[in-house]
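Report on the following structure.
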Amino acid sequence: FKADPAKPMVAPVFLTRFLPAGLNSHNQAAPNSTTTVAVSAGRGSQGPDVKLTKVTAKTVRVWSSVDGGRTWKSAAVRHTGSTWQATVNNPASGAVALRSEVTDSAGDHSVETVYRAYAIG
C-alpha cells in the first residue's frame with residue numbers, strides 16, 4: 001500500500017486468527033478427521049495518533065496444506081453473521097498449515113499463512 005508519511009493512517013491489512021475446534025491438549029486433531037476452523041479477521045490499533053475506522057471483511061478464503069506448504073487445497077468456508085468457518089480435511093498423520101486471503105469492500109486484501117497450525121495425532 002502507499003502512504004503519505006506526513007499523515008497517520010491505518011494500514012489496509014487484516015490480521016487473521018485461526019481457531020481450530022476439537023483439538024486435544026497437544027494441539028492435535030484426530031487422523032483422517034474433519035476440523036472446523038473459526039476464522040476472524042480484523043485491524044488492530046496501530047498507534048495512539050491513528051483513528052481506527054471499523055472495516056469488515058467482505059470475503060474470506062482459506063486453504064490447507066498437509067505437505068509443509070508445497071501444495072494447497074481450498075477449504076469450504078461458511079459465513080454466518082460476523083463468523084467465518086472453514087472446514088479442513090485432515091490427513092492420517094503429520095501437520096496442517098493454514099492460509100487465508102481476506103478482502104474488504106474497497107478491494108484491499110491480506111494473505112496470511114500459518115505453517116504447522118496444528119498436528120495430527
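This one's a predicted model, so the numbers in the text were calculated from it and none came from an experiment. Residue indices begin at 1 and follow the sequence shown.
Side chain of S65 to main chain of T71: a donor-acceptor pair is present (N/O by atom type, distance under 3.5 Å, no hydrogens or angles).
Shown here for P91 and V96, the closest heavy-atom pair between the two residues is CD-CG2, 3.9 Å. Here the closest non-hydrogen pair linking T56 and D104 is O-CB, 3.7 Å. The two residues L23 and P20 make their nearest non-hydrogen contact at CD1-CB, 3.8 Å. Between A92 and P31, the shortest heavy-atom distance links the atoms O-CB, 3.3 Å.
For the ring-ring contact (aromatic ring centres under 6.0 Å, His included) condition, the pairs that include at least one residue of residues 56-106, sequence neighbours left out, are H79-W84.
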Distance-only donor-acceptor hits, side chain of residues 110-117, under 3.5 Å, sequence neighbours excluded:
| from | atom 1 | to | atom 2 | distance (Å) |
| --- | --- | --- | --- | --- |
| S110 | OG | F14 | N | 2.7 |
| E112 | OE1 | T16 | N | 2.9 |
| T113 | OG1 | R99 | NE | 2.7 |
| T113 | OG1 | R99 | NH2 | 3.3 |

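Put simply, NE2 on H109 and OG1 on T59 are 9.5 Å apart, with the number rounded to the nearest 0.5 Å. For the atom pair CG of N90 and CG of N32, the computed distance is 8.5 Å after rounding to the nearest 0.5 Å. Atoms OG and CD1, from S33 and I120 in turn, are 6.0 Å apart once rounded to the nearest 0.5 Å. Annotation: the span from S100 atom OG to R61 atom CZ amounts to 11.0 Å, rounded to 0.5 Å. To the nearest 0.5 Å, the span separating CG on L19 from OG1 on T35 amounts to 11.5 Å.
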Q. Is there a side chain to side chain contact (heavy atoms under 4.5 Å, CB included) between K73 and N89 once you walk through the steps?
A. CA-CA 9 Å; K73 183 176 179 181; N89 295 317; 4.1 Å; yes
(Q) Quick one, V37 with L98, criterion side chain to side chain contact (heavy atoms under 4.5 Å, CB included). Give me CA distance, side-chain angles, the key distance, then yes/no. (A) CA-CA 10 Å; V37 180; L98 297 171; 4.1 Å; yes
**Q.** Test log, rule side chain to side chain contact (heavy atoms under 4.5 Å, CB included), inputs Y118 and N24
**A.** CA-CA 10 Å; Y118 61 92; N24 67 20; over 6 Å; no
